[in-house]
Amino acid sequence: MNRSLHRALYSCALVLLTLMMTQTAALALPSDTLTLSRGWTFSEHGSSEVHPATVPGVVQQDLIRLGKLPDPYYRLAEDSIQWVGERDWDYACTFTLSPEQLQRPSIHLLFEGLDTYASVYLNGQKILEAENMFVAHEVDIRPYVKASNRLEVRFRSPLTAALPLYEAAGINYPADNDHAEKHLSVFTRKAPYHYGWDWGERMITIGIWRPVRVLLRGATFFAERPVVTYHPERSLPIEVRLPEGAVRGSEATHLHYHLYDATGRLVFERTAPLADFITPTERGGLHALANPQLWWPNGLGKPYRYKARFELLEGERGRVLDVAQCAVGLRTVELVREKDKDGQSFFFRVNGQPLFAKGANYIPGTLLLPTRTEADRKQLFDDVAGSHFNMLRVWGGGTYEEDAFYDEADARGILIWQDFMFACTAYPGDSAFLKNVHSELVYNIRRLRQHPSVATWCGNNEIREALKYWGWAKRYPKEVYEKFWHDYEALFCKLIPETLREEDPLRPYIESSPDTVNWGRPQEMGLGESHYWGVWYGRQPFEILRERMPRFMSEFGVQSFPMLPSISRFARPETDYDLESDVMKAHQKSSIGNDVILHYIRQDYPEPRDFADFVYLSQVMQGRGIALGIRAQRAAAPFCMGSLYWQLNDAWPAVSWSSIDYYGEWKGLQYEAKRAFAPIILVPDTVQGKMLLTYDPLPRQRQVSLTAEVRDFLGRLVRRHTFAPETLPAREVGRLEVALPMEKLFTSDAERKGAFVHYELRDARTKALITELTDYAARTKELRLPRTKAGDFTLKTTRRAGTLFIDIQSKTLLKDAYIDLGETGWQLSDNFLDILPGRRYRLRATRRQNAPARTTTALPTVTLRSITTAE
């Protein structure tokens, strides 16, 4: 035998041996999973026309893919897609199981999400009836399964399914965001925003929206994974607990628990009888850890996570029956609501450290939920972590997010304020509805309670406030209004808190957001958390945000348009670029929206010259106005300890309150929020004649020096003022107040309207720049800004690898400069900034993770627009 042939045969033998060992190992696994994601078909119920289906998916996305439904986000397509949600649809697939798989003692079918009313049949046998989009369904299919299997899922329209409940109730509930005459949404446990909202179109999705799996397990297995909690006040601070019913079967007698650090090093292990973990003892579920690393929110430390592995054993050293594992973050979170001289506090304390919450309200990133990708999710958390956020509020009119969303929040140190999915309307309180909700609560609490990022549960969005102040007492008969209150208390004051006490007793619970404060009653501002809508709905000036200060601001905002590159993806420039066009009206769901945007533009800025100028000024106005509020709220610490603006993102391409539009483009607000949420910021209050230095907790005290330069709009120095050095203390949220001698900075009305003041805060020892801020003594429309002419500034673009560099220099002030790359998908290092005269700026632009592929390698055409250059 020649040497080449010998080597070939030897290699084949090795491959065969490896395959045999792999198959043997696979068969020996305590559990195995078969994911059913291929071979699905769908059809309208009663139709013989069958199409391939995407699973996970919904009917609408497949109809779009097949060309049978228009792009629901383009122009005026909304009306033409409504028929899909009004009809019934069937899904089907076949799957096979090997003889070995059929021998598994436990064979279960898991639907992680069915949207929403569905009957499931396996080999002609009905095995499941579903009626809640927010829960998973696990069914023992051992009695029905065979080698070749047919699985059918028959969906009923949520509208026809809910209609009998509506008719039986005899009440058209005040769900005014449900864009239909009959408000059917309250009867169905489906994402409320699918029925429409004041920022979203109506799309009643139907389908298998989360994965389907066949679970092949032994006779004994984990039905729930163990829960690891941290109690630093105890001598044995780490508790490992097996919840009731967590282990199915009778073979397991012991649990083997391992804990690994972030590098994969084993730091603790223990084997003990199951009973010592069901009721944790020193012999089993309780232990200490040398030098434990804590999980910290973004900006306060590292979000450190351990990895826990659990093995069910047959005997103390017997065979492994099943395995479960999870990440573990050791941290404590308290919601502090204590009476004080100003009313009642409202703030979060993490690991004993008071936290100023910085962030925004999050809504689902699309109406077609299964179309979201890992790249979308990672880009979202890049955006928020990179903008100095430490909290997102998952708002109650959307959905409970997928596990990977919370995993990403854990990894980035982003705390999650988690609403339950109830918003802006009364809900039924009958026993069937409450039973349905209870299954939703138990499922989602158990699914999310191990995540260190989940800081608090909240019962609902604005329903208590609505019951008290939205006129429902006059709109409905007395007995109906009393029923609303009775049902509210049954759900939010009884069912939810009682379920939390059983399933997740350590996390705080907020009954309703806002908890006590109504924006129209300024005397209540000291009592807790607020949604302040005096700005926007009350048309109050932005400056009111300096005065109306709650203990925690959990909603406030104003609308803006997306910029033109985004608008061009859902509208036609030649016909639709007009505020009065049908398309712009269709993508503006607030009945007062465009009028209020113009109202706020006119307060501070020149009159828009055309549609493009209106779009641009809407973003300048939104960013500057909300940043004023963020800075004021931070400067009010520790009286105010949170600023979550409304809203971070969009569910479709719309005119809305978002800071990042549907296509992922940062609006002016996102750039302003990034600056306003920086660890150390300057907050000038020219009316009060003071400068506030506001800062997050520092690891050590720091001495700083502040200077102010007044320059005219051509960059010429008018005067300079140096403040006395100050010391920022360590380890506390705080502020320093510095007298701001406006009479020395600006000595005349002409200077106030013809110059700016540029502040720089530097390290007193190293002179390194910490932060800077450009401020003005008059409203933008009152400034005597020079008209920028061709040649007054230069704009140069170069490319190095995958990064664009944009170099800018100007002879005059370019106020509120917007850099436009002419297409979506780019992430700029900065934008919507003041370009100071004589200063060189270099901006970087990179492609976003979820950006569409470019069709050209040419450099994008870069243009600049500012208050003085807008055409």
Side-chain angles (χ1 to χ4, degrees), residues 19 22-23 25-42 51-59 61-62 65 89-115 118 120-123 127-128 130 133-142 144-155 205-218 221-225 248 322-326 368-378 399-408 443-444 446-447:
L19 285 171
T22 303
Q23 290 174 346
L27 290 175
L29 282 174
S31 298
D32 196 8
T33 300
L34 176 64
T35 301
L36 304 183
S37 59
R38 296 183 179 181
W40 284 92
T41 62
F42 80 103
H51 309 286
T54 305
V55 172
V58 292
V59 170
Q61 75 185 79
D62 279 323
R65 175 179 54 82
W89 298 88
D90 298 336
Y91 281 71
C93 81
T94 59
F95 66 94
T96 59
L97 295 180
S98 68
E100 293 82 6
Q101 290 171 327
L102 285 169
Q103 292 303 311
R104 288 297 184 109
S106 170
I107 306 176
H108 284 204
L109 184 62
L110 173 66
F111 287 93
E112 293 188 17
L114 293 170
D115 181 11
V120 181
Y121 296 81
L122 179 61
N123 299 325
I127 61 170
L128 172 65
M133 173 183 177
F134 303 127
V135 301
H137 300 276
E138 185 174 330
V139 183
D140 182 359
I141 59 172
R142 191 82 176 74
Y144 318 111
V145 78
K146 52 189 180 181
S148 180
N149 302 276
R150 179 173 174 80
L151 182 62
E152 298 172 84
V153 185
R154 302 174 189 172
F155 287 97
T205 56
I206 295 173
I208 304 173
W209 77 289
R210 281 182 170 162
V212 184
R213 311 185 197 278
V214 179
L215 307 179
L216 303 161
R217 296 180 290 208
F221 57 89
F222 284 111
E224 295 280 347
R225 66 188 173 198
R248 301 277 178 87
D322 200 10
V323 175
Q325 57 189 26
C326 65
L368 297 167
L369 288 167
T371 64
R372 289 182 298 182
T373 66
E374 182 180 1
D376 294 332
R377 185 172 56 252
K378 288 188 177 298
T399 185
Y400 309 93
E401 289 295 315
E402 69 272 26
D403 293 339
F405 177 94
Y406 301 94
D407 289 338
E408 201 69 42
Y443 170 70
N444 285 289
R446 290 180 179 179
R447 182 170 67 94

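Basis for what follows: all heavy atoms, side chains included, without hydrogens, waters or symmetry-related copies. Bear in mind that the values here come from a model prediction, so they are computed numbers and not experimental data.
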Working note: Arg104 + Asp32, criterion side chain to side chain contact (heavy atoms under 4.5 Å, CB included); need CA distance, chi angles, decisive distance, verdict.
CA-CA 10 Å; Arg104 288 297 184 109; Asp32 196 8; 3.9 Å; yes
Residues Leu369, Thr205; criterion side chain to side chain contact (heavy atoms under 4.5 Å, CB included); working and verdict
CA-CA 9 Å; Leu369 288 167; Thr205 56; over 6 Å; no
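Considering only heavy atoms from C-beta on, Phe405 comes within 4.5 Å of Glu402 through its side chain. Val59 is not listed as a side-chain neighbour of Phe155, based on a closest heavy-atom distance of 4.5 Å or more. Inter-residue side-chain proximity for Leu109 and Val145 is flagged as unmet; no heavy-atom pair is nearer than 4.5 Å. Contact annotation: the side chain of Val120 never approaches that of Val139 to less than 4.5 Å [non-hydrogen atoms, C-beta and beyond]. Annotation: side chain of Phe95 is in contact with side chain of Leu122 (closest heavy-atom distance under 4.5 Å). Val153 has its side chain within reach of Phe111: a pair of non-hydrogen atoms, C-beta onward, lies under 4.5 Å apart.
The environment of CD in Glu138 is crowded: more than 12 heavy-atom neighbours from other residues, nucleotides or ligands sit within 6.0 Å. Heavy atoms from other residues, nucleotides or ligands lying under 6.0 Å from CZ of Arg248 number 12 at most. Counting non-hydrogen atoms of other residues, nucleotides and ligands closer than 6.0 Å to CZ of Arg65 gives a total above 12.
Summarising the geometry of Pro211 relative to Pro56, their closest heavy-atom pair is N-CG, 3.7 Å, with the distance given to 0.1 Å.
Taking the charged nitrogens against the carboxylate oxygens, Arg377 and Glu401 have no contact shorter than 4.0 Å, which rules out a salt bridge.
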